[in-house]
Chemist: 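Below are the structure tokens for one structure; questions will follow.
Numbering of residues begins at 1 and proceeds along the displayed sequence. Atoms within a ligand are numbered from 1 in the order they appear, just like the ligands themselves.
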Amino acid sequence: MSLRFVVTATDTGVGKTVFSAALADALGACYWKPIQAGLDEETDSETVRRLGRLPPQRILPEAWRLKTPASPHLAAEIDGLALRPEALHPPKTSSPLIIEGAGGLLVPLTRREVFADVFARWRLPVILCARTGLGTINHTLLSLEAMRRRQIPVLGIAFIGDAQPDTQRIIVEMGGIPSLGRLPRLDPLTPDALRESFRRHFDVSQFQERCV
Ligand SMILES: Nc1ncnc2c1ncn2[C@@H]1O[C@H](COP(=O)(O)OP(=O)(O)OP(=O)(O)O)[C@@H](O)[C@H]1O
Ligand SMILES: C[C@H](N)[C@H](N)CCCCCC(=O)O
Ligand SMILES: [Mg+2]
């Protein structure tokens, strides 16, 4: 089985998609966004294809594409659909596979099940994307608690944002989880800048040694 892992975050808008694009580019991986909520703007799959320069065949089709940029449980109800979390199974691919959630860990797919429940069933190693700014210590430690309670394997934390050494340090120490690196905010955010920054701030071998 090739490398497969989940990319989640402490919140929506943290940078999972941008990080996934960089990692997919670095690993030559496939990318899967099982549930896309919001179709008016560029979707996450389109962003990953653009920023990660992935060929179309490495972007797997979403299981559900929902019109409204909202929590999937609500976006599905608005579209008159019922999401079936139990029907979500990570595709088997010959390349590594990166799976992006939607929002943070406790985002509902239905009024009974959240993404963390799906990740617990998959039992794939999870990368937690976390901001570096004020408020992230609480959000990150809460997210780690939510995963620990469900015995979800966590590969490490990918920090997104400007360096905040003591914040990053206390999260690693109190969370008991390694930092995988930090992706700075890039301006402009281009495929070349993203590739270069990822190479500078992450050791790609750490994603290859400890994944299942
Ligand atoms: N390293 C970065 N440098 C510059 N801009 C970034 C970076 N990471 C994320 N962004 C920007 O922040 C916004 C949110 O990023 P992104 O879409 O990756 O978040 P997300 O966690 O995937 O959100 P969602 O929960 O909606 O999937 C986007 O406008 C994106 O371009
Ligand atoms: C629409 C957005 N871009 C994400 N796809 C979904 C975020 C759901 C967040 C739910 C919440 O935590 O309030
Ligand atoms: Mg995203």
Side-chain angles (χ1 to χ4, degrees), residues 5-26 29 31-52 54 59-60 62-79 81 83 85 88 98-111 113-119 126-133 135-136 138-140 142-143 146 157-164 168 179-202:
F5 32 72
V6 169
V7 174
T8 187
T10 56
D11 191 5
T12 185
V14 170
K16 296 186 297 293
T17 300
V18 173
F19 174 80
S20 296
L23 184 58
D25 174 40
Y31 169 83
W32 184 41
K33 176 85 174 185
I35 301 174
Q36 172 65 43
L39 300 177
D40 287 345
E41 299 182 4
E42 188 180 56
T43 66
D44 285 7
S45 295
E46 290 163 346
T47 301
V48 166
R49 184 172 168 195
R50 173 173 59 84
L51 282 179
L54 269 63
I59 302 286
L60 306 185
E62 302 93 338
W64 280 283
R65 290 168 54 88
L66 308 169
K67 296 189 190 67
T68 312
S71 178
H73 81 282
L74 179 60
E77 288 176 359
I78 291 169
D79 287 357
L81 298 171
L83 301 186
L88 289 175
I98 296 166
I99 306 169
E100 180 183 346
L105 278 150
L106 299 193
V107 165
L109 287 81
T110 67
R111 292 185 182 274
E113 194 157 346
V114 296
F115 268 100
D117 300 321
V118 176
F119 298 160
V126 170
I127 297 167
L128 178 64
C129 293
R131 298 183 178 102
T132 55
T136 195
N138 173 55
H139 294 158
T140 309
L142 282 169
S143 298
I157 299 169
F159 288 104
I160 315 282
D162 299 334
Q164 296 289 346
Q168 293 165 238
S179 167
L180 300 168
R182 178 183 61 84
L183 187 63
R185 301 289 294 191
L186 303 171
D187 184 10
L189 176 58
T190 64
D192 283 342
L194 183 58
R195 175 177 288 179
E196 176 51 31
S197 185
F198 185 83
R199 283 184 178 168
R200 187 176 315 144
H201 294 277
F202 290 85

Chemist: Is the Phe119 to Phe5 ring centre distance short of 6.0 Å?
Modeler: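 When the ring centroids of Phe119 and Phe5 are compared, they turn out to be at least 6.0 Å apart.
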Chemist: For atom 7 (C) of ligand 2, what is the nearest protein heavy atom, given as residue, atom name and distance?
Modeler: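 Minimum-distance protein heavy atom for atom 7 (C) of ligand 2 reads Thr12 OG1, 3.7 Å.
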Chemist: Closest heavy-atom contact between Ile160 and Val14?
Modeler: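 Scanning both residues, the minimum pair turns out to be CG2-O, 3.5 Å.
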Chemist: Considering only NZ, NE, NH1 and NH2 on the basic side and carboxylate oxygens on the acidic side, decide whether Glu196 and Arg200 come within less than 4.0 Å.
Modeler: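 Between Arg200 and Glu196 there is a salt bridge, with a charged N closer than 4.0 Å to a carboxylate O.
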Chemist: Of the protein's non-hydrogen atoms, which lies at the shortest distance from atom 6 (C) of ligand 2, and what is that distance?
Modeler: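 Going atom by atom, the protein heavy atom closest to atom 6 (C) of ligand 2 ends up being Ala70 O, 3.7 Å.
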Chemist: With hydrogens left out, which residues have an atom under 4.0 Å from ligand 1, given that only heavy atoms count?
Modeler: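 Those residues closer than 4.0 Å to ligand 1 by some heavy atom are Thr12, Gly13, Val14, Gly15, Lys16, Thr17, Val18, Lys33, Asp44, Glu100, Gly103, Leu183, Pro184, Arg185, Leu186, Leu189.
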Chemist: Checking Tyr31 now: which residues fulfil ring pair (Phe, Tyr, Trp, His ring centres under 6.0 Å) with it, not counting sequence neighbours?
Modeler: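 With neighbours one apart ignored, the set is empty.
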Chemist: Indicate the atoms forming the closest heavy-atom contact of Thr10 with Arg131, along with that distance.
Modeler: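 That closest heavy-atom pairing would be OG1-N, 4.3 Å.
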Chemist: Please evaluate residues Thr132 and Arg182 with respect to the criterion side-chain contact (heavy atoms from CB on, under 4.5 Å), reporting the C-alpha separation (whole Å), side-chain torsions for both, the decisive distance (0.1 Å), and the verdict.
Modeler: CA-CA 9 Å; Thr132 55; Arg182 178 183 61 84; 4.1 Å; yes
Chemist: Report the nearest protein non-hydrogen atom to atom 1 (C) of ligand 2: residue, atom name, distance rounded to 0.1 Å.
Modeler: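 Protein heavy atom at minimum distance: Pro69 C, 3.5 Å.
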Chemist: What is the closest protein heavy atom to atom 8 (C) of ligand 2, and at what distance does it sit?
Modeler: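 So the nearest neighbour among protein heavy atoms is Ser71 CA, 3.9 Å.
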Chemist: Within a distance under 4.0 Å of any heavy atom of Ala37, pick out the atoms of ligand 2 and give their elements.
Modeler: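 Taking each heavy atom of Ala37 in turn, ligand 2 has 1 (C), 5 (N) under 4.0 Å.
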Chemist: Does Lys16 pair with Asp44 as a salt bridge, N-O distance under 4.0 Å?
Modeler: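 Salt bridge flag = no for Asp44 with Lys16.
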Chemist: Indicate whether the side chain of Gln168 and that of Ser179 have a donor and an acceptor atom separated by less than 3.5 Å.
Modeler: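 Looking only at side-chain atoms, Ser179 and Gln168 do not form any donor-acceptor pair under 3.5 Å.
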Chemist: What's within reach of the Mg ion (ligand 3), meaning protein N/O/S atoms under 2.8 Å?
Modeler: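 Result, waters dropped: Thr17 OG1, Asp44 OD2, Glu100 OE2.
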Chemist: For Ala21 versus Leu194, what's the shortest heavy-atom pair and its separation?
Modeler: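 Smallest interatomic distance, heavy atoms only, reads CB-CD2, 4.1 Å.
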Chemist: Who passes side-chain hydrogen bond (donor to acceptor under 3.5 Å, both in side chains) against His139, sequence neighbours left out?
Modeler: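 So His139 forms no side-chain hydrogen bond (donor to acceptor under 3.5 Å, both in side chains) with any residue.
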Chemist: Regarding atom 11 (C) of ligand 2: of the candidates Val107, Thr68, Ile35, Leu105, which has the closest heavy atom?
Modeler: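 Going through Val107, Thr68, Ile35, Leu105 one by one, Val107 has the nearest heavy atom to atom 11 (C) of ligand 2.
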Chemist: Given 3.5 Å as the limit, does a donor-acceptor pair link the side chain of Thr68 with the main chain of Ala70, or not?
Modeler: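 No; zero donor-acceptor contacts below 3.5 Å.
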Chemist: Hey, are Lys33 and Glu100 close enough for a salt bridge, meaning a charged N less than 4.0 Å from a carboxylate O?
Modeler: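 Between Glu100 and Lys33 there is a salt bridge, with a charged N closer than 4.0 Å to a carboxylate O.
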